[in-house]
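Chain A is the first sequence line, chain B the second, and so forth, proteins listed ahead of strands; every chain is numbered from 1.
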Number of protein chains: 2
Amino acid sequence: MKPMHNPPHPGEILRELCFEPLGLTVTEAAAALGVSRKTLSAILNGRAGITAEMALRLGKAFDTTPESWLHHQIQHDLWVVRRSKKKLQVRKLAA
Amino acid sequence: MKPMHNPPHPGEILRELCFEPLGLTVTEAAAALGVSRKTLSAILNGRAGITAEMALRLGKAFDTTPESWLHHQIQHDLWVVRRSKKKLQVRKLAA
DNA sequence: ACCGACTGTAACCTCAAAGGTTACAGTCGT
DNA sequence: ACGACTGTAACCTTTGAGGTTACAGTCGGT
């Protein structure tokens, strides 16, 4: 199994795949998405995650699937928990 | 693409695919997973969602991919927001 | 050099969800 | 009747999203 280097947080992907190509500003995009500038900024800078509602907003605005944004999010979430040395004490129940 | 009727909450899937086949009790499974009985009960009865950490626990215990549990979760989350009537005010930014 | 637009972010608030412990009532098999 | 299992209520803590307001910094255009 591969090393799985830092899966980028979804905000990074958002910036590279949507904002830069379209030359969007945070201010105008926040208004279009119907959220505050702070909220969008937090996502773009990796200080907040993508919620189901936000995924739907992104899907509408950029004509993408909400699932794709949430998929990036869970990959990042899993990576965060895995690298947080806290060993999960789990006993096998099957297989 | 069909309306996508109630995607079951992940707890329902957990119960049908893991608990019933193995004849597991909530009490013993909670202990094996390293969480409280309350926490597992809440998930099994759809009163709590699957977090990244819980997905990792389930993956270890049942030898499944954590991603699959989180995938079920986001499908359910999206369904909940979609059926919540609250119209998201979003302006298209692309496509 | 100044001004306006954009940006990050801090401070402050509310709301909600996860998870823990304890305790209680109900069900079910022996 | 008793013990095991279950759902769940009450109560607490922590965390994260999201909002508003305000401030300081950057940058382009005039």
Non-hydrogen atoms of Ser41(B) and Val26(B) that approach each other most closely: N-CG1, 4.4 Å

Spacing between Lys38(B) atom NZ and dT8(D) atom P, to the nearest angstrom: 12 Å

Check: Arg57(B) side chain, Leu33(B) main-chain N or O, donor-acceptor pair, under 3.5 Å: yes

Residue Thr27(B), side-chain heavy atoms: nucleotide from dT7(C), dT6(D), dG20(C) that is nearest: dT6(D)

Spacing between Leu44(B) atom CG and dG7(D) atom P, to the nearest angstrom: 7 Å

Thr39(B) side chain near dG20(C) phosphate (N/O to OP1/OP2, under 4.0 Å): yes

Flag side-chain contact, heavy atom, 4.5 Å: Arg82(A) against Pro66(B): yes

Atom-pair distance (NZ on Lys86(B); P on dC15(C)), nearest Å: 14 Å

Closest to side chain of Met54(B), choosing from dG19(C), dG8(C), dG7(D): dG19(C)

Polar side-chain atom of Ser84(B) near backbone of Val81(B) as donor-acceptor pair, under 3.5 Å: yes

Touch class at under 4.0 angstrom, heavy-atom based, for Ser41(A) against every strand present: base

dA5(C) OP1/OP2 closer than 4.0 Å to side-chain N/O of Thr25(A): no

Sub-4.5 Å side-chain heavy-atom contact between Trp69(A) and Ile43(A): no

Nearest-angstrom distance from the residue atom CD of Glu53(A) to C1' of dC15(C): 13 Å

d(CD1, Ile50(A); C1', dA17(D)) in whole Å: 12 Å

Shortest side-chain distance from Arg15(B), nucleotide among dG20(C), dT20(D), dG7(D): dG7(D)

Under-4.0 Å side-chain N/O to phosphate OP1/OP2 contact, Thr51(B) with dG19(C): yes

Between P of dG18(D) and CG of Leu56(A), the distance in whole Å: 12 Å

Touch class at under 4.0 angstrom, heavy-atom based, for Arg47(A) against every strand present: sugar-phosphate

d(CD, Glu28(B); P, dA4(D)) in whole Å: 14 Å

Ser36(A) side chain near dG19(D) phosphate (N/O to OP1/OP2, under 4.0 Å): yes

Options dT6(D), dC6(C), dA22(D), nucleotide nearest the side-chain atoms of Arg37(B): dT6(D)

Whole angstrom value for the distance that separates P of dA18(C) from CG of Leu33(B): 16 Å

